[in-house]
Number of protein chains: 2
Amino acid sequence: MPQTPHCSSCPVRVTAICGALKDDELKALSMISRQRRIPAGQVVFSDQDSSRFFANVLSGTVKLTKTMPDGRQQIVGLVFSPDFLGRAFSFNNPYFAEAASDVELCCFPHDAFESLLKDYPSLQHRLFENTLDELDAAREWMLLLGRKTAEEKIASFLYLLARRHHVDGCANQQSVAASFELPLTRADMADYLGLTIETVSRQLTKLKTRGIVRMVSSRQMEVPDSAALARVAGAEGISN
Amino acid sequence: MPQTPHCSSCPVRVTAICGALKDDELKALSMISRQRRIPAGQVVFSDQDSSRFFANVLSGTVKLTKTMPDGRQQIVGLVFSPDFLGRAFSFNNPYFAEAASDVELCCFPHDAFESLLKDYPSLQHRLFENTLDELDAAREWMLLLGRKTAEEKIASFLYLLARRHHVDGCANQQSVAASFELPLTRADMADYLGLTIETVSRQLTKLKTRGIVRMVSSRQMEVPDSAALARVAGAEGISN
DNA sequence: CGCCGACTTGATTAGATTCAAACTATGTGG
DNA sequence: CCACATAGTTTGAATCTAATCAAGTCGGCG
């Protein structure tokens, strides 16, 4: 049985696109929403099927992937906790969305949501800004994929996670030793960074040996000096 | 002296974002517009400076680049003829825009244009759809940069150009031998594809030797069998 | 206990980069 | 008009980074 959503107690109420809505608009949105849990490894939606929907990610990580006929795969986007999932204004969604971990979603049926987009300019505007940010991120990643070395790629990814302090709990001071869990397997990291599993593993141990990171377990990372990590990451780690 | 724009005779009137506008709205937009010519190699706008504007590209090619401190560069977007140039709703533009060829622009001052965006939902919506398409393209390119071989990268790029039948003149039948000019130097192709100049050159001669393309000159290409090119390009050349 | 998936490590190979040189087209000044 | 400079391009040889192939280790779970 679908859970009734309670926006008032929603963990992403303010940070998600809902933050752009006035009370009555939020109510209309909540009317069409429905929470769903999706276990790790399951398909959220395929680039093939038509049963499409939009969603806010409440917890967990969703990966958007592109696959070539021969099986080569690239993760083209990671969707974390307050982020929005779905491609508006397109008949067929061009990505394959898969749960990288157990995921909680707040789902909106495709047509109902798009009609709300029409009715609420502030919602559309928020989604627009969202999309612009995604585009910036995608282009940043193009620099990584096209020009960075394996070591820089790994460091960039870890630095990205450290900044998002992807912890689900303990908040960190600015630029203090960060501790976070890797939301992806080695295989997924490889697909995100344009590498192989083996190279990912080797570069991680290299960073460990160099003292840039500590690995509590294969998934649990600690970064004693985030500036050092940023330096290894190569670029624009200077700003931001 | 700035040329007075005449939307009625504009080559991109319908295809550009202007196509979303009603007559009176178009008039308001044309009031703030101003045509500019920018010679090849010149900076259109920098990721540093604040003197920003938006523009429709009337002719020529603009490249959006990201550069690392040590000089490594990646082209993260190519802006062709009816496309729109500029990043809305952001104080500082994150890309460096440079004319890859002589370029004609129809420019709009930053603030005036953003206020029009507020006033004309249809304009904002058009720009939103535009941005979604750019995001799709960026992610498609992520697959190329992360997973394709040098040969597939080159073939994909040529196939992209063939589809856009980037000719400035002779229109081509669907899926018939295409002839087009490369809008980029070898160095720029390398920066777009995440390769070196030498590899680009080698792969081009390889495609030439295999009979996939003919090279009338170093810039003028002919594709006898676009399906064969698509096959070499690797992926999703099947659709579209 | 032993299986299984995720991860690590080692040896070898291949594809692309790097370094180096030469070729082509275009434009300039003597 | 030709010699020469220059930017863009091609080609060759050597090198290196990351991929591939191949074992092995770790950790959880039936």
Side-chain angles (χ1 to χ4, degrees), chain A residues 39-41 63 68 70-74 100-101 144-158 181-210 213-221 232 234, chain B residues 39-42 63 68 70-74 98-102 144-158 181-210 213-221 232 234:
Chain A
K63 48 182 178 155
M68 292 174 65
D70 63 3
R72 278 175 286 175
Q73 202 172 47
Q74 176 69 42
S101 66
L144 176 142
L145 292 171
R147 290 304 185 200
K148 291 194 179 179
T149 65
E151 182 177 49
E152 290 168 336
K153 284 177 175 183
I154 296 285
S156 298
F157 177 62
L158 296 178
E181 197 182 354
L182 293 180
L184 300 181
T185 64
R186 299 288 185 269
D188 283 341
M189 287 180 64
D191 283 346
Y192 194 35
L193 299 171
L195 299 169
T196 58
I197 323 178
E198 295 93 328
T199 304
V200 168
S201 182
R202 272 187 257 271
Q203 295 300 334
L204 277 174
T205 55
K206 199 165 136 196
L207 286 179
K208 189 177 64 179
T209 313
R210 289 180 53 185
V213 299
R214 245 168 303 160
M215 290 171 61
V216 181
S217 73
S218 75
R219 287 296 195 99
Q220 195 63 37
M221 307 296 281
V232 180
Chain B
Q42 293 257 141
K63 47 182 178 156
M68 292 175 66
D70 64 1
R72 279 175 285 173
Q73 201 171 49
Q74 176 69 42
E98 203 179 340
S101 66
D102 291 346
L144 176 141
L145 291 172
R147 289 305 184 198
K148 291 194 179 179
T149 64
E151 182 178 47
E152 290 168 337
K153 285 177 174 182
I154 296 286
S156 297
F157 177 62
L158 295 178
E181 198 181 355
L182 293 179
L184 299 182
T185 64
R186 300 288 185 269
D188 283 340
M189 287 180 65
D191 283 347
Y192 194 35
L193 299 170
L195 299 170
T196 58
I197 323 179
E198 295 93 329
T199 305
V200 168
S201 182
R202 272 186 257 271
Q203 295 300 334
L204 278 174
T205 55
K206 197 165 138 196
L207 286 178
K208 190 176 64 179
T209 312
R210 289 181 53 186
V213 300
R214 246 167 301 161
M215 290 171 61
V216 181
S217 73
S218 74
R219 286 296 195 97
Q220 194 64 35
M221 307 296 280
V232 180

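Given the structure is predicted, the values throughout are model-derived calculations rather than measurements.
Nearest to the side-chain atoms of B/Ser201 among the listed nucleotides D/dT9, D/dG12, D/dA18 stands D/dT9. In the set D/dT10, D/dA18, C/dT8, D/dT10 carries the atom at the smallest distance from any side-chain atom of B/Met215. Residue A/Arg202 has its side chain nearest to D/dT20 when only D/dA19, D/dT20, C/dT18 are considered.
Regarding contacts with the backbone of D/dG8, every side-chain N or O of B/Ser218 stays at 4.0 angstrom or more from both OP1 and OP2. OP1 or OP2 of D/dA18 has not a single side-chain nitrogen or oxygen of A/Thr199 nearer than 4.0 Å. In this structure, A/Thr196 does not reach the D/dA18 phosphate: none of its side-chain N or O atoms is under 4.0 Å from OP1 or OP2. Between B/Thr205 and D/dT10 there is no side-chain N or O to OP1 or OP2 distance below 4.0 Å.
For B/Leu193 and C/dT17, the CG to C1' distance is 15 Å, given to the nearest whole Å. Protein atom CE of B/Met189 is 17 Å distant from nucleotide atom C1' of D/dA7, rounded to whole Å. Summarising the geometry, the separation between CD on B/Glu152 and P on C/dG15 is reported as 12 Å, rounded to the nearest angstrom. In this structure, B/Ile197 places its CD1 atom 15 Å from P of C/dA20, rounding to the nearest Å. Following rounding to the nearest Å, A/Glu198 (CD) and C/dT9 (C1') show an atom-to-atom distance of 10 Å. Following rounding to the nearest Å, B/Leu182 (CG) and D/dG8 (P) show an atom-to-atom distance of 14 Å. Taking atom CZ on A/Arg147 and atom C1' on D/dA18, their separation rounds to 16 Å, with Å as the unit. In this structure, CD of B/Gln203 is placed 9 Å from C1' of C/dA16, rounded to the nearest angstrom.
Residue whose closest nucleotide on DNA chain D sits further toward the 5' end, between B/Ala187 and A/Thr149: B/Ala187.
In this structure, A/Leu204 reaches neither bases nor backbone, as no heavy-atom distance under 4.0 Å exists between it and the strands shown. Across all strands, A/Gly194 comes closer than 4.0 Å only to sugar-phosphate atoms, never to a base (heavy-atom distances).
Side-chain atoms of A/Arg186 and base atoms of C/dT9 include no donor and acceptor less than 3.5 Å apart. For D/dG8, its base never sits under 3.5 Å from the side chain of B/Arg219 at any donor and acceptor pair.
No salt bridge links B/Asp191 with B/Arg72; every basic N to acidic carboxylate O contact stays at or beyond 4.0 Å. Taking a cutoff of 4.0 Å between a charged side-chain nitrogen and a carboxylate oxygen, A/Glu151 and A/Arg210 qualify as a salt bridge.
Proximity of B/Met221 to B/Leu158: side-chain heavy atoms (C-beta onward) are separated by under 4.5 Å at one or more points. A/Lys148 has its side chain within reach of B/Met68: a pair of non-hydrogen atoms, C-beta onward, lies under 4.5 Å apart. A/Gln74 is not listed as a side-chain neighbour of B/Leu144, based on a closest heavy-atom distance of 4.5 Å or more.
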